[in-house]
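First comes the structure, then the notes that go with it.
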Protein chains: 2
Amino acid sequence: MRSTSRAETFPAHTPAVSQIFTTVLSHGPLTRLEAARRAGLSPAAVTKAVRPLLAAGYLAEDADGEARPALGRPANLVRVDGGRALFIGVKVTGDEVIAVLTDLCCRILLARRLPVTDRAARAVLTSVADLTHELRTEAEDFGAPVLGLGIAVSGDVDRAEGTVRYSPFLDWRDVALAELAAMTTGLPVVVDNDVRALTVAEQWFGAGVGLSDFAVVTVGAGIGCGLVIHGQVVSGAHGVAGEIGHVAIDPAGPLCHCGNRGCVEAIAGDAAIVTRMREVTGRQVADSAAAVALAHEGVPGAREVYARAGEAIGRGIATVANLFGPERVIISGEGLAAYDLFAEQILDSFTAAAFGSAAQSDVQTRPLAFEEWARGAAAAAIQSFITSSPTPTGKG
Amino acid sequence: MRSTSRAETFPAHTPAVSQIFTTVLSHGPLTRLEAARRAGLSPAAVTKAVRPLLAAGYLAEDADGEARPALGRPANLVRVDGGRALFIGVKVTGDEVIAVLTDLCCRILLARRLPVTDRAARAVLTSVADLTHELRTEAEDFGAPVLGLGIAVSGDVDRAEGTVRYSPFLDWRDVALAELAAMTTGLPVVVDNDVRALTVAEQWFGAGVGLSDFAVVTVGAGIGCGLVIHGQVVSGAHGVAGEIGHVAIDPAGPLCHCGNRGCVEAIAGDAAIVTRMREVTGRQVADSAAAVALAHEGVPGAREVYARAGEAIGRGIATVANLFGPERVIISGEGLAAYDLFAEQILDSFTAAAFGSAAQSDVQTRPLAFEEWARGAAAAAIQSFITSSPTPTGKG
DNA sequence: TGGCTTATTTTCCGCTGTCAATAAAAGAAA
DNA sequence: TTTCTTTTATTGACAGCGGAAAATAAGCCA
């Protein structure tokens with residue numbers, strides 16, 4: 001298999017086609033009539049839009065499932081055929097590369113990990129290529145082509161350019177990752193910031209479906225935040241946004257690596273919790289798992305460390321809510337392993353600090369396995385595949 | 001003149017027409033070619049879009065001004081004929097009603113004020129109607145019709161519905177202001193939150209022209225913030241956004257009327273400054289003008305009060321920048337009378353607290369006469385006039 | 001087998017914006 | 001003065017998108 005027969009493109013020739021497809025993708029099987037209603041189009045337009053997508057195999061028709069209203073012509077449900085195309089998503093951290101194979105509906109089919117021993121871009125790229133190759137080989141069993149690769153990296157990433165401008169954890173600067181990975185793998189590649197990719201996944205396939213304004217807050221080593229406003233992911237004028245971790249909460253708080261005092265991350269980030277846990281309990285605390293254990297054991301003072309972290313997170317979320325009034329806030333992240341230690345304080349301090357109707361925001365939590373980050377990268381790849389115009393408007 | 005011959009509507013029959021008009025409105029006189037480039041349309045489309053607007057008098061053609069490139073056919077500049085239509089903008093505060101008459105380019109032609117003695121909606125409405133009538137009468141001298149009325153009120157305002165849901169300063173709840181004012185004046189009425197209206201004015205006619213992501217921060221009795229993201233003003237899912245005044249900066253700070261401690265407004269709002277000035281200097285301080293005077297006199301401790309306020313504002317702005325990454329932040333408001341006392345601290349603490357590329361945001365200040373608030377309301381009315389579809393899609 | 005109801009498709013049709021060719025308005029060159 | 005060059009504006013043919021309405025399909029129920 002000597003690589004690619006010119007990359008397959010999505011037959012979205014008109015805005016209506018894109019819109020109908022994404023509507024069906026996000027809102028599950030729909031009748032044509034319902035799809036028309038949700039997309040604000042006429043039923044005739046749906047019929048026309050659906051036809052080429054059916055022909056290309058991206059949509060499929062279910063003989064309707066159940067519970068029809070017993071009157072009138074039965075509806076034919078239209079749904080996305082997830083098995084039509086596969087995507088690979090990769091999350092790169094300082095310690096590991098995690099890769100998943102998903103279908104077109106962004107359901108995880110396989111997952112793989114590889115430790116990172118050398119953080120140099122070249123070495124990491126090799127790991128990415130190896131995992132991609134491995135998943136691609138196994139993907140043959142599913143009888144569908146792999147049509148895109150998404151890579152998620154923390155830090156300052158320019159998705160349009162496909163470059164990592166600066167990633168502190170990896171110590172990368174100006175790495176043209178998309179181009180390199182595309183050369184190595186022969187796949188279309190999307191590179192995005194990890195939190196943004198996760199936000200895209202929530203927007204299209206998760207708790208953000210159908211919402212035009214919501215926030216995703218991730219709790220873990222860092223505290224991050226993805227924003228969707230007016231139905232679009234916010235990237236900021238300089239490519240960076242959602243830095244909730246460096247919102248300063250308390251001028252008398254602990255020093256943060258960014259140079260300020262009392263950043264949310266300096267209170268509630270993994271490292272901050274471990275450090276403080278050592279100070280408070282006077283014990284050895286190897287990592288955040290150990291810190292959680294101490295709190296669960298009921299070691300004096302340990303719970304207060306988490307209470308304080310939860311309060312910081314809650315106040316950070318309240319700040320976000322006060323500033324842009326999201327309909328929902330989705331809290332997520334590895335840090336949620338300790339969620340039972342946090343939860344109450346997060347909600348309490350959010351409620352206390354949210355002003356007026358910002359308190360109406362629906363604050364949810366969502367457990368997040370580490371593979372979910374990689375799934376976010378796959379979601380970015382899927383999004384790019386669907387929205388990339390088939391007319392050659394430059395190359396990414 | 002027994003009121004209205006059916007309200008005049010803007011002949012924007014297609015998206016292209018709207019787009020061309022707003023492009024010319026914001027970017028001054030343009031050649032058709034240049035307008036096409038900026039709007040992303042073909043020159044042919046511009047010619048077609050411009051024709052009906054010229055015919056209706058909204059656009060005018062300048063025989064080109066100066067400095068042509070001396071080669072090729074001279075360009076004909078197209079500009080908005082500001083004198084074609086007039087608008088009235090009204091800002092309602094707890095103390096005063098301020099009204100301005102503007103032209104279509106949102107230039108202020110006349111301004112009037114009336115003190116508020118009774119804050120009841122009915123009484124305020126009478127003042128609004130009186131001022132509107134007065135300005136309308138004088139507007140006859142300008143030989144152009146008044147085509148809309150904008151009203152700006154602080155608090156929770158539903159622009160689409162035209163209702164004031166809750167305004168703390170006026171103690172209004174659920175006042176259907178647009179409908180009432182429309183009945184009284186016979187004009188199309190837009191009601192919006194004051195900060196949002198000001199943001200619209202900046203977006204279309206001010207320092208936000210051409211930017212898709214910026215913030216407006218107002219300093220005065222309250223501290224407010226208007227956001228434009230993805231080229232649209234942010235209203236939040238519940239109709240409230242930009243509450244920078246209640247971003248909590250310091251858990252050990254002074255108590256705010258919202259019940260929390262250390263809100264920006266509780267440190268840097270007019271009332272907070274006056275209160276603290278009394279405490280620090282031990283003198284009588286009647287109002288914020290008196291407070292400014294004390295600081296300028298060099299009374300011991302007085303300057304520190306402003307330094308502290310400036311620091312709070314700067315940190316609030318940094319929070320906005322960290323979260324949204326705006327291209328520009330426009331600081332404005334009556335509070336700027338004291339700008340020389342603030343400026344350094346605002347910028348310093350912004351720079352210190354902005355994380356990474358958020359510090360690249362261009363922070364500007366813009367003196368703001370009180371009439372500018374009313375002009376913002378006029379801008380909202382202009383926007384509504386231009387974008388309201390001529391096809392009757394309900395009534396506002 | 002009709003009749004009723006709802007879903008989907010078909011058949012135009014208006015409308016928009018692009019394309020390519022053409023006109024216009026200068027200065028420059030001959 | 002005439003012709004050429006260069007840039008801007010306009011025109012008219014045209015393709016294609018999506019809407020409206022009418023036609024058709026596909027079940028239930030008498």
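Here is how names work: the chains are called A, B, and so on, in the same order as the sequence lines, proteins then strands, and each is numbered from 1.
In this structure, CG of A:Asn76 is placed 12 Å from C1' of C:dT6, rounded to the nearest angstrom. Across the protein-nucleic acid pair, A:Leu33 atom CG and D:dA25 atom P stand 18 Å apart, rounded to whole Å. Across the protein-nucleic acid pair, A:Leu41 atom CG and D:dG16 atom P stand 19 Å apart, rounded to whole Å. As rounded to whole Å, 10 Å separates atom P of D:dA30 from atom CG of A:Leu71. Distance A:Ile20 CD1 to C:dT9 C1': 15 Å, rounded to the nearest Å. Rounding to whole angstrom units, CZ of residue A:Arg37 and C1' of C:dA7 are separated by 15 Å. When the P atom of C:dA25 is taken as reference, atom CZ of B:Arg32 falls 13 Å away, rounded to whole Å. One interatomic measurement links the two molecules: CG of A:Leu30 to C1' of C:dT8, which rounds to 15 Å at whole-angstrom precision.
Picking from C:dA24, C:dT18, C:dT5 the nucleotide with the shortest atom distance to the side chain of B:Ala45 gives C:dT18. Set against D:dG27, C:dT18, C:dA25, the side chain of B:Pro74 has C:dA25 as its closest nucleotide. The nucleotide whose nearest atom lies closest to any side-chain atom of A:Pro43 is, among C:dT9, D:dT8, C:dT18, C:dT9.
When all heavy atoms of B:Ala241 and B:Gly236 are compared, the closest pair comes out as CB-N, 4.0 Å. Scanning all heavy atoms of the two residues, the minimum distance from B:Ala39 to B:Ile20 falls at CB-CD1, 3.9 Å. Minimum interatomic distance between B:Val146 and B:Leu187 (heavy atoms only, all atoms of both residues): O-CD2, 3.4 Å. The nearest pair of heavy atoms linking B:Asp103 to B:Phe87 is O-CD1, 4.3 Å. Counting all heavy atoms, side chain and backbone alike, A:Ile386 lies closest to A:Trp204 at CD1-CZ3, 3.7 Å.
End-to-end axis angle of the helix from C:dT1-D:dA30 to C:dA30-D:dT1, using five pairs per end and rounding to 10°, comes to 30°.
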- Task: Before giving the answer on salt bridge (Lys or Arg N to Asp or Glu O under 4.0 Å), spell out for A:Arg375 and A:Glu202 the whole-Å C-alpha distance, their side-chain angles and the decisive distance to 0.1 Å.
- Result: CA-CA 10 Å; A:Arg375 178 172 175 259; A:Glu202 291 297 324; 5.3 Å; no
Checklist line | Worked check of side chain to side chain contact (heavy atoms under 4.5 Å, CB included) between B:Val46 and B:Arg32 | finding: CA-CA 6 Å; B:Val46 177; B:Arg32 289 173 171 76; 3.8 Å; yes
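Between B:Leu53 and B:Val17, some side-chain heavy-atom pair lies under the 4.5 Å cut-off.
Tested against B:Arg196 for a side-chain hydrogen bond (donor to acceptor under 3.5 Å, both in side chains), the candidates B:Asp192, B:Asn193, B:Thr199 yield a single pass: B:Asp192.
Every residue meeting the side-chain contact (heavy atoms from CB on, under 4.5 Å) condition with B:Ala237, not counting sequence neighbours, appears here in chain and number order: A:Glu327. Listed by chain and residue number, B:Leu30, B:Thr31, B:Arg37, B:Arg38 satisfy the side-chain contact (heavy atoms from CB on, under 4.5 Å) test with B:Glu34 (two or more places apart in sequence, or in another chain). By the side-chain contact (heavy atoms from CB on, under 4.5 Å) test, B:Gln203 pairs with B:Phe214, B:Val228, B:Val233, sequence neighbours left out.
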Please enumerate all protein N or O atoms sitting under 3.5 Å from an N or O of nucleotides 11-16 of chain C, with distances to 0.1 Å.
none

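Checked by distance alone, B:Arg73 brings no side-chain donor or acceptor within 3.5 Å of a matching partner on the base of D:dT7.
Using a 4.0 Å cut-off on heavy atoms, none of the residues of residues 49-57 of chain B approach DNA chain C.
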